[in-house]
Novice: 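First the structure, which I've put down as structure tokens, then a few questions once you've had a look.
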Amino acid sequence: KNFSMSNYPNPFGKTTTILYNLPEGGHVKLVLTDLPGSTLRTLEDQVQPDGIHTFVVDPAALNMAPGVYLYKLIFDNATDAYTKVNKMVFTR
């Protein structure tokens with residue numbers, strides 16, 4: 001089992017879906033940041049079971065301007081902890 005994370009479509013104009021696969025259950029924090037790394041919004045912050053999870057990003061609801069953003073997933077449980085960062089591009 002391995003951890004994976006991506007978003008589609010990318011670049012996107014309307015919405016994009018972040019998809020991540022957890023090899024085991026644990027605490028997940030999914031954060032949207034700007035390129036310098038400042039947090040814009042915490043999208044998820046909860047314990048989740050293993051398996052595939054999705055989160056739909058709606059730029060209108062999040063008041064996002066066109067540009068490049070990062071999304072960061074911080075995973076933590078009794079035996080493991082890791083962080084993964086990916087880039088998403090919002091076009092109008």
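FYI, the numbering just counts along the sequence from 1.
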Novice: Within a strict 4.5 Å, meaning less than it, do heavy atoms of the Y69 and P59 side chains meet?
Specialist: no

Novice: Hey, could you give me the CG/OG1 distance between N7 and T54, rounded to the nearest 0.5 Å?
Specialist: 12.5 Å

Novice: Would you mind reporting whether N86 and I18 have side-chain heavy atoms less than 4.5 Å apart?
Specialist: no

Novice: Flag the pair L30 / H53 as yes when at least one side-chain heavy-atom distance between them is below 4.5 Å, and no otherwise.
Specialist: no

Novice: Honestly curious: do I74 and V47 fall in one hydrophobic cluster under the side-chain, below-4.5 Å linking rule?
Specialist: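 Different clusters.
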
Novice: Could you state the interatomic distance from CG (L73) to CG (L22), rounded to the nearest 0.5 Å?
Specialist: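 Nearest 0.5 Å value for the CG-CG distance: 6.5 Å.
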
Novice: Should Y20 and V28 count as side-chain neighbours, where that means a heavy-atom distance under 4.5 Å?
Specialist: yes

Novice: How long is the straight-line distance from CZ of R92 back to NZ of K14, given to the nearest 0.5 Å?
Specialist: 9.5 Å

Novice: Can you tell me how far apart NE2 (H27) and CG (D45) are? Round to the nearest 0.5 Å.
Specialist: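 Going from NE2 on H27 over to CG on D45, the span is 4.0 Å.
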
Novice: Using the rule that Ile, Leu, Val, Met, Phe, Trp and Tyr join whenever any side-chain heavy atoms are under 4.5 Å apart, tell me whether M64 and L70 fall into a single cluster.
Specialist: no

Novice: Which pair of heavy atoms, one from T39 and one from T33, lies closest together, and at what distance?
Specialist: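 Result for this residue pair: CA-CG2, 4.0 Å.
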
Novice: Which heavy atom of M88 sits nearest a heavy atom of N10, and at what distance?
Specialist: CA-OD1, 3.4 Å

Novice: Give the minimum heavy-atom separation between Y71 and S6, together with the two atoms involved.
Specialist: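 Where Y71 meets S6 most closely, the heavy atoms are OH-C, 3.1 Å.
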
Novice: Give, for atom NZ of K29 and atom OG1 of T42, the distance between the pair rounded to the nearest 0.5 Å.
Specialist: 5.0 Å

Novice: How about F3 and F75: do any of their side-chain heavy atoms sit closer than 4.5 Å?
Specialist: no

Novice: I'd like to check L40 versus L62 (side-chain heavy atoms, cut-off strictly below 4.5 Å). Are they in contact?
Specialist: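 No - every pair of side-chain heavy atoms lies 4.5 Å or more apart.
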
Novice: Would you say V68 and Y8 are hydrophobically clustered, going by side-chain heavy atoms of ILVMFWY under 4.5 Å?
Specialist: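 Different clusters.
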
Novice: For D58, is the CG atom crowded, meaning more than 12 foreign heavy atoms sit under 6.0 Å from it?
Specialist: yes

Novice: Got a second to check how far F55's CZ is from L19's CG, nearest 0.5 Å?
Specialist: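 The CZ atom of F55 sits 13.5 Å away from the CG atom of L19.
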
Novice: Could you pull out the closest heavy-atom pair between N77 and G25, with the gap in Å?
Specialist: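 Here N77 and G25 meet closest at ND2-O, 3.0 Å.
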
Novice: Any idea which heavy atoms bring R41 and A61 closest together, and the distance?
Specialist: NH2-O, 4.3 Å

